[in-house]
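Take a look at this one; I'll ask things after.
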Amino acid sequence: MSHWQVSKLSLTSTNSFYYAVFNRSSLVTFTLMGIPGLESQHLWLSFPFSFMFLAILIGNGAILSLVATEPTLHTPMYLLQALLMVADLISTLALLPKLLCLFWFNDWDIAANACFTQMFFIHGASVVRSALLVAMAFDRFVAVCEPLRYNAILSPSLVGRLGLVALAKGVILILPMPLLLQRLTFCHVVIPHTYCDHMAVVKLACDDTRPNHIYGLFVILLVVGLDLLFIGFSYGLILQTVIRLNSRDAICKALNTCSAHIFVVLVTYVPALFSSLVHRIGHNIPPHAHILLANLYLLLPSMFNPIIYGIKMKEIRDKVAKCLYRGPT
């Protein structure tokens, strides 16, 4: 870290208490540290993050464009995938532009309202993504267990309602987080993170933050715990159906029907659970490792989802190949 940066952070920490006395949360300007311990490497770190940003925009944008323009892809499975990729893009756009400005231009400061807005969109998109994965598990359950009634059960109106429920879940569960933070007075304003993570901001307050901690834990249990339970229940029923199949080809076809969704669930939840576990028990792990993991569990699903669906879904492979090898008209 440069001498100017050290002086700035030292001055901010020294005066933060007096600053908080006269300023409620809505008037505070926070300072994002980026990745603590790797400040001198921020410019180099910007390259892989820039690559991920481009990969996410191109990959998700390409799949969304295909789903929007190809009538044959207007099926429940692909519409749910499109909604999932919209959530991925929202999360990425809330995180990476500010992070890259921090890395490239030392743009450390972020106003409280902008910080709370970023928090709402990042965490809200994560909740919506999780809810959509539950809806997609239900879609796979119907496809395997009730294939003859698939179109009757998963009508376009039901898909629309599932999307609205996922959106409502994200808004209703995450909106109280910034609202609870706005009632607090902050003794410190330096956030040791690359973005406005809920718990990272809560730790800066000098008021009683037990309601914030309790509500944050409630959201984690409700989202990760309950959603994983529903997904596991769906796949338990799918497994029961697959076991009853006598034909090996039928078993392979049924498993292949679910393979893309299973990979997406693993890419989404495994990094998040690993990051959460490291955060709670990895006390000897350096802070920069925690921050890098927190960024990767947000970005990896958004980057790999289009790749997984592009590889596993024959319809998407065929459409991409058709676009790539289409001759001049």
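Here, residue 1 is the first one in the sequence, and each next residue gets the next number.
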- [ ] Kindly assign one of parallel, tilted or perpendicular to the pair Phe186 and Phe116, based on the angle between their ring planes and the thresholds 30° and 60°.
- [x] tilted
TODO: Sort and list the pairs that fulfil salt bridge (charged side-chain N to carboxylate O under 4.0 Å, His left out) and have at least one residue in residues 160-170, not counting sequence neighbours.
DONE: Lys169-Asp227
Task: Met33 to His42 - nearest heavy-atom pair and separation - done: O-CE1, 3.4 Å
TODO: Using modelled atom types only, decide if a donor and an acceptor are shared between the side chain of Gln182 and the backbone of Leu180 within a distance under 3.5 Å.
DONE: no
TODO: Find out whether Thr241 and Ile238 are in side-chain contact, i.e. whether some heavy atom of one side chain is under 4.5 Å from a heavy atom of the other.
DONE: no
Open item on the list: Is there a side-chain contact between Thr268 and Phe304 in this structure, where contact means two heavy atoms from C-beta onward sitting under 4.5 Å apart?
Closed with: no
TODO: Identify the heavy atoms of Ala87 and Val128 that sit nearest to each other, and give their distance.
DONE: CB-CG1, 4.1 Å
Task: Hydrophobic cluster identity match, Trp104 and Leu299, side-chain contacts under 4.5 Å - done: yes
Task: Non-hydrogen atoms of Asp207 and Arg183 that approach each other most closely - done: OD2-O, 4.0 Å
- [ ] For Ile231 and Ser234, run side-chain contact (heavy atoms from CB on, under 4.5 Å): C-alpha distance rounded to whole Å, both residues' side-chain angles, the deciding distance at 0.1 Å, then the answer.
- [x] CA-CA 5 Å; Ile231 292 172; Ser234 296; 5.7 Å; no
Show me the donor-acceptor pairs within less than 3.5 Å that the side chains of residues 47-62 make with the rest of the protein, sequence neighbours left out.
residue, atom, partner, partner atom, Å
Ser50, OG, Ser46, O, 2.6
Asn60, ND2, Ile56, O, 2.9
Asn60, ND2, Ser302, O, 2.9

Task: Intermediate values then yes/no, side-chain contact (heavy atoms from CB on, under 4.5 Å), Tyr195 and Asn295 - done: CA-CA 9 Å; Tyr195 63 90; Asn295 282 272; 4.0 Å; yes
- [ ] Would you indicate whether the side-chain heavy atoms of Asp107 and Lys98 approach each other to under 4.5 Å?
- [x] yes
Open item on the list: side-chain contact (heavy atoms from CB on, under 4.5 Å) for Ile191 and Cys115? Distances and angles first, verdict last.
Closed with: CA-CA 10 Å; Ile191 303 174; Cys115 181; 4.1 Å; yes
Open item on the list: If the condition is side-chain contact (heavy atoms from CB on, under 4.5 Å), which residues does Pro147 pass it with, not counting sequence neighbours?
Closed with: none
TODO: Using the test salt bridge (Lys or Arg N to Asp or Glu O under 4.0 Å), find all partners of Asp139 that sit at least two apart in sequence or belong to another chain.
DONE: none
Open item on the list: When you compare the side chain of Phe120 with that of Val171, does any pair of heavy atoms fall below 4.5 Å?
Closed with: yes
TODO: Report the relative orientation of the aromatic rings in Tyr235 and His261; use parallel for angles under 30°, tilted for 30 to 60°, perpendicular for over 60°.
DONE: parallel
Task: His193 side chain vs Ala200 backbone, donor-acceptor pair below 3.5 Å - done: no
TODO: Would you list the pairs meeting salt bridge (charged side-chain N to carboxylate O under 4.0 Å, His left out) in which at least one residue belongs to residues 78-92, sequence neighbours left out?
DONE: Asp88-Arg129
Task: Hydrophobic cluster identity match, Leu266 and Phe233, side-chain contacts under 4.5 Å - done: yes
- [ ] Please check if the side chain of His188 supplies one atom and the backbone of Lys203 the other of a donor-acceptor pair under 3.5 Å.
- [x] no
- [ ] For a side chain to side chain contact (heavy atoms under 4.5 Å, CB included) with Pro76, tell me which candidate from Leu158, Leu162, Val159, Val142 qualifies.
- [x] Val159
TODO: Would you mind reporting whether Leu84 and Val264 have side-chain heavy atoms less than 4.5 Å apart?
DONE: yes
TODO: Please examine the side chains of Leu296 and Pro271, heavy atoms only from C-beta on, and report whether any two atoms are closer than 4.5 Å.
DONE: no
Task: Side-chain touch Tyr78/Leu66, heavy atoms, less than 4.5 angstrom - done: no
Task: Listed partners of Arg244 passing salt bridge (Lys or Arg N to Asp or Glu O under 4.0 Å), at least two apart - done: none
TODO: Give a yes or no on whether the backbone of Leu173 and the side-chain of Tyr215 come within a donor-acceptor separation of less than 3.5 Å.
DONE: yes
Task: 4.5 Å side-chain heavy-atom contact, Val189 and Phe30 - done: yes
- [ ] Check step by step if side-chain contact (heavy atoms from CB on, under 4.5 Å) holds for Gln81 and Val67.
- [x] CA-CA 9 Å; Gln81 288 175 19; Val67 174; 5.7 Å; no
Open item on the list: Would you say Ser130 and Tyr269 are linked by a side-chain donor-acceptor pair, where the criterion is simply a distance under 3.5 Å?
Closed with: yes
